[in-house]
Visitor: 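Sharing a structure, written as structure tokens. Questions coming.
Just so we're on the same page: letters track the sequence lines, and every chain starts at 1. A quick note: this is a predicted structure, and the numbers were derived from the prediction, not measured. Quick note: numbers below take in every heavy atom, side chains included, and nothing from hydrogens, waters or symmetry partners.
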Amino acid sequence: MVTIVNVVGSGDLGVELELQTLGDDLDVPFTEYNPSNYHGLYVRLVEDGPLITVYRSGKYIISGCSSFQEVETTNEGFLTQIASLGIYNSSPDLGVTVQNVVCTEQLSSAIDLNTLSIGLGLETVEYEPEQFPGLVYRPPEIGAVILVFANGKVVITGASDVTIAEDAFAQLQSRIQSLIEN
DNA sequence: TTAACGTTTTCTTATATAGCCTGATACA
DNA sequence: TGTATCAGGCTATATAAGAAAACGTTAA
């Protein structure tokens, strides 16, 4: 069972926003709008909680969530804040779409990455230890990327659902098992 | 050669991971 | 002053968003 460490989602309010005014009006513990640094408005509903990046177009990104439920509750909290300012009329269609899930896992033992890179096939692997200590594996036909480290720790990213991340890890384990057997 | 326009890249955020490098601090 | 230790930043990965910069191409 993979452990979710970060979920990124996006949504759209469907209205143009004045970000400076919005940042001033929101009743939340943290907002930051510094267009000379970045053109998005940063919002946190909870101190050190998930970050919401809001754009002038009304589109927004939620990042830093540790579960799908947290993405939903953060989105609902944000929409409630927006609705209280009269910026839009609350609509059940205003949902959030999960775009990326980052998970961690642990292989049963440490692994030699040079051997693994050869066994998995160079067309699906990138491994340049002098540049980055992890091996990058792209499982065929699975929408996720896996980082494998020599101590057996694994990071799965790019998946839009946790089941995709689990499938990707399962495929990695299967490939490693078949390499051991052969 | 220069201007104008179109396309591409970079930036920012969150998060795990590990190795390397640099700078700061502490102690002999 | 020299050495040791520690902290922090950078490297890579994915993803959304859109402004701005950096390109490349075309025409005058």
Side-chain angles (χ1 to χ4, degrees), chain A residues 1-20 22-23 28 30-75 78 82 94-107 109-114 116-117 120 124-139 141-169 172:
Chain A
M1 187 70 174
V2 301
T3 303
I4 299 172
V5 295
N6 185 29
V7 182
V8 180
S10 63
D12 187 0
L13 297 172
V15 291
E16 289 276 325
L17 301 169
E18 174 48 58
L19 297 182
Q20 183 66 65
L22 178 62
V28 295
F30 173 85
T31 65
E32 181 183 310
Y33 181 55
N34 182 3
S36 62
N37 180 50
Y38 190 64
H39 58 276
L41 165 68
Y42 296 131
V43 178
R44 290 186 203 273
L45 305 181
V46 181
E47 204 83 47
D48 296 325
L51 180 73
I52 306 168
T53 309
V54 189
Y55 298 93
R56 201 176 61 180
S57 64
K59 293 183 179 180
Y60 58 97
I61 300 166
I62 300 172
S63 60
C65 297
S66 55
S67 69
F68 288 78
Q69 182 60 44
E70 191 175 18
V71 176
E72 291 291 343
T73 55
T74 301
N75 186 54
F78 177 59
I82 292 293
L94 285 169
V96 62
T97 303
V98 171
Q99 306 286 356
N100 184 26
V101 183
V102 184
C103 306
T104 59
E105 248 296 4
Q106 173 78 51
L107 293 169
S109 62
I111 191 161
D112 185 291
L113 297 182
N114 282 310
L116 181 63
S117 66
L120 290 174
T124 59
V125 164
E126 291 172 37
Y127 181 48
E128 295 178 51
E130 64 285 344
Q131 193 169 7
F132 186 69
L135 178 151
V136 180
Y137 174 52
R138 299 172 197 276
E141 296 172 22
I142 294 183
V145 174
I146 303 177
L147 309 182
V148 188
F149 297 89
N151 61 4
K153 290 189 177 180
V154 168
V155 177
I156 306 143
T157 186
S160 57
D161 195 284
V162 70
T163 57
I164 295 173
E166 286 174 343
D167 287 348
F169 182 68
L172 173 68

Visitor: In whole Å, I'd like the distance from the CG atom of A/Leu41 to the P atom of B/dT12.
Guide: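 Spelled out: CG on A/Leu41 to P on B/dT12 is 17 Å.
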Visitor: Could you tell me the separation between the CG atom of A/Asn100 and the C1' atom of B/dT12, rounded to a whole number of Å?
Guide: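 For the pair A/Asn100 CG and B/dT12 C1', the rounded distance is 15 Å.
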Visitor: Once you apply a heavy-atom cut-off of 4.0 Å, does A/Val8 come out as touching a base, just sugar-phosphate, or nothing?
Guide: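 The residue A/Val8 makes base contact.
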Visitor: Locate the shortest heavy-atom distance separating A/Ser36 from A/Asn34; write the atom from each residue and the value.
Guide: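 Heavy atoms only, the tightest pair is OG-OD1, 2.6 Å.
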Visitor: Return whichever of A/Val155 or A/Thr53 has its heavy-atom-nearest nucleotide of DNA chain C closer to the 5' end.
Guide: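 On the 5' side of the pair lies A/Val155.
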Visitor: What nucleotide, of B/dT17, B/dT13, C/dT13, holds the atom closest to the side chain of A/Ser63?
Guide: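 Of B/dT17, B/dT13, C/dT13, B/dT13 is nearest to the side chain of A/Ser63.
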Visitor: May I ask you to test the A/Glu72-A/Val96 pair for a side-chain heavy-atom distance under 4.5 Å?
Guide: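 In short, these two side chains touch, coming nearer than 4.5 Å.
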Visitor: Counting only side-chain heavy atoms from C-beta out, which of C/dT13, C/dA12, C/dA16 sits nearest to A/Gln99?
Guide: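 Output: C/dA16.
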Visitor: Strictly below 4.0 Å: does A/Arg56 bring a side-chain N or O up to OP1 or OP2 of C/dA19?
Guide: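 So the side chain of A/Arg56 is within the cut-off, an N or O lying under 4.0 Å from OP1 or OP2 of C/dA19.
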Visitor: Consider the side chain of A/Ser10, meaning its heavy atoms from C-beta on, and name the nucleotide among C/dA16, C/dA14, B/dA18 that approaches it most closely.
Guide: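 My answer, after comparing the listed nucleotides, is C/dA16.
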Visitor: In terms of heavy-atom contacts, does CG of A/Asp48 have more than 12 from other residues, nucleotides or ligands at under 6.0 Å?
Guide: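 Check fails, neighbour count at 12 or below.
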Visitor: Write down the distance between CG (A/Leu147) and P (B/dG19), rounded to a whole number of angstrom.
Guide: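 Roughly 14 Å, once rounded to whole Å.
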Visitor: Return the value, rounded to whole Å, for the distance between atom CG of A/Leu19 and atom C1' of B/dT13.
Guide: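 Atom CG in A/Leu19 sits about 15 Å away from atom C1' in B/dT13.
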Visitor: Just verifying a value: how many Å separate A/Tyr60 OH and A/Thr74 OG1, rounded to the nearest 0.5 Å?
Guide: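 Those atoms lie 10.5 Å apart.
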Visitor: Side chain of A/Tyr42 only, please: which of C/dA17, B/dT13, C/dA14 is the nearest?
Guide: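 The answer is B/dT13, which lies nearest to the side chain.
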Visitor: Indicate, with a heavy-atom threshold strictly under 4.0 Å, whether A/Glu128 touches base, sugar-phosphate, or nothing.
Guide: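 Result for A/Glu128 = nothing.
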Visitor: Of A/Thr124, A/Leu116, A/Ile156, which is the lone residue that meets side-chain contact (heavy atoms from CB on, under 4.5 Å) with A/Tyr137?
Guide: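 Looking at A/Thr124, A/Leu116, A/Ile156, the match for A/Tyr137 under the side-chain contact (heavy atoms from CB on, under 4.5 Å) is A/Thr124.
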Visitor: For C/dA17, is there a stacking contact with A/Tyr55, counting only centres under 5.5 Å and planes under 30°?
Guide: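 Ring-base stacking flag not set for A/Tyr55 and C/dA17.
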Visitor: Which listed nucleotide (B/dT17, C/dG18, C/dT13) is nearest to the side chain of A/Val145?
Guide: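 The nucleotide sitting nearest to the side chain is C/dT13.
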Visitor: Would you call A/Glu126 and A/Arg138 a salt bridge, taking side-chain N to carboxylate O under 4.0 Å as the test?
Guide: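 A salt bridge links A/Glu126 with A/Arg138.
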Visitor: Can you see if the side chain of A/Arg44 gets near the phosphate of B/dT13 - specifically, an N or O under 4.0 Å from OP1 or OP2?
Guide: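 Result: no.
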Visitor: Answer with base, sugar-phosphate or nothing: what part of the nucleic acid does A/Tyr60 contact at a heavy-atom distance below 4.0 Å?
Guide: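 Since no nucleic acid heavy atom lies under 4.0 Å of A/Tyr60, the category is nothing.
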Visitor: Could you state the CG-C1' distance from A/Asp48 to B/dA14, rounded to the nearest angstrom?
Guide: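 Between C1' of B/dA14 and CG of A/Asp48: 13 Å.
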Visitor: Which nucleotide in the set B/dT15, C/dA19, C/dA17 lies at the smallest distance from any side-chain heavy atom of A/Ile61?
Guide: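 When the side chain of A/Ile61 is considered, C/dA17 is the closest of B/dT15, C/dA19, C/dA17.
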Visitor: Just call it for A/Thr3: base, sugar-phosphate, or nothing, with non-hydrogen atoms closer than 4.0 Å on any strand.
Guide: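 Counting heavy atoms under 4.0 Å across all strands, no contact is made by A/Thr3.
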Visitor: Can you tell me if the side-chain N/O atoms of A/Gln131 get under 4.0 Å from OP1 or OP2 in C/dT11?
Guide: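 No, outside the criterion.
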Visitor: Send over the distance from A/Asn114 CG to B/dA18 P, rounded to a whole Å.
Guide: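 In whole Å, B/dA18 P and A/Asn114 CG are 17 Å from each other.
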Visitor: What is the separation between atom CG on A/Leu135 and atom P on C/dA14, rounded to the nearest whole Å?
Guide: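 Going from A/Leu135 (CG) to C/dA14 (P), I get 14 Å.
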Visitor: Contact class for A/Leu51 vs. all strands (heavy atom < 4.0 Å): base, sugar-phosphate, or nothing?
Guide: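 Sugar-phosphate: the residue A/Leu51, judged by heavy atoms under 4.0 Å, touches backbone atoms but no base.
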Visitor: Taking everything shown except A/Arg44 itself, do over 12 heavy atoms lie less than 6.0 Å from its CZ?
Guide: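 Atom CZ in A/Arg44 is crowded, with more than 12 foreign heavy atoms closer than 6.0 Å.
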Visitor: How far does CG of A/Leu51 sit from OG of A/Ser63, to the nearest 0.5 angstrom?
Guide: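 With rounding to 0.5 Å, CG (A/Leu51) is 4.5 Å from OG (A/Ser63).
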Visitor: Tell me the bend of the helix from B/dT1-C/dA28 to B/dA28-C/dT1 as the angle between end helix axes, each from five pairs, rounded to the nearest 10 degrees.
Guide: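 The angle separating the two end axes equals 80°.
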Visitor: Hey, does the side-chain of A/Thr104 have a donor or acceptor N/O within less than 3.5 Å of a partner on the base of B/dA16?
Guide: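 In this structure, the two groups form no donor-acceptor pair.
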Visitor: Please list, chain by chain and in numerical order, all residues satisfying side-chain hydrogen bond (donor to acceptor under 3.5 Å, both in side chains) with A/Tyr55, sequence neighbours excluded.
Guide: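 A/Tyr55 satisfies side-chain hydrogen bond (donor to acceptor under 3.5 Å, both in side chains) with A/Tyr38 once adjacent residues are dropped.
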Visitor: Base, sugar-phosphate, or nothing: which does A/Val102 touch, judged by heavy atoms less than 4.0 Å apart?
Guide: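 Answer is base: heavy atoms of A/Val102 come under 4.0 Å of a base.
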Visitor: Please report the distance, rounded to the nearest Å, between CD1 in A/Ile156 and P in B/dT15.
Guide: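 Checked: the CD1 to P distance equals 18 Å.
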Visitor: By nearest heavy atom, map A/Glu130 and A/Phe149 onto DNA chain B; which one lands nearer the 5' end?
Guide: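 The residue closer to the strand's 5' end, by nearest nucleotide, is A/Phe149.
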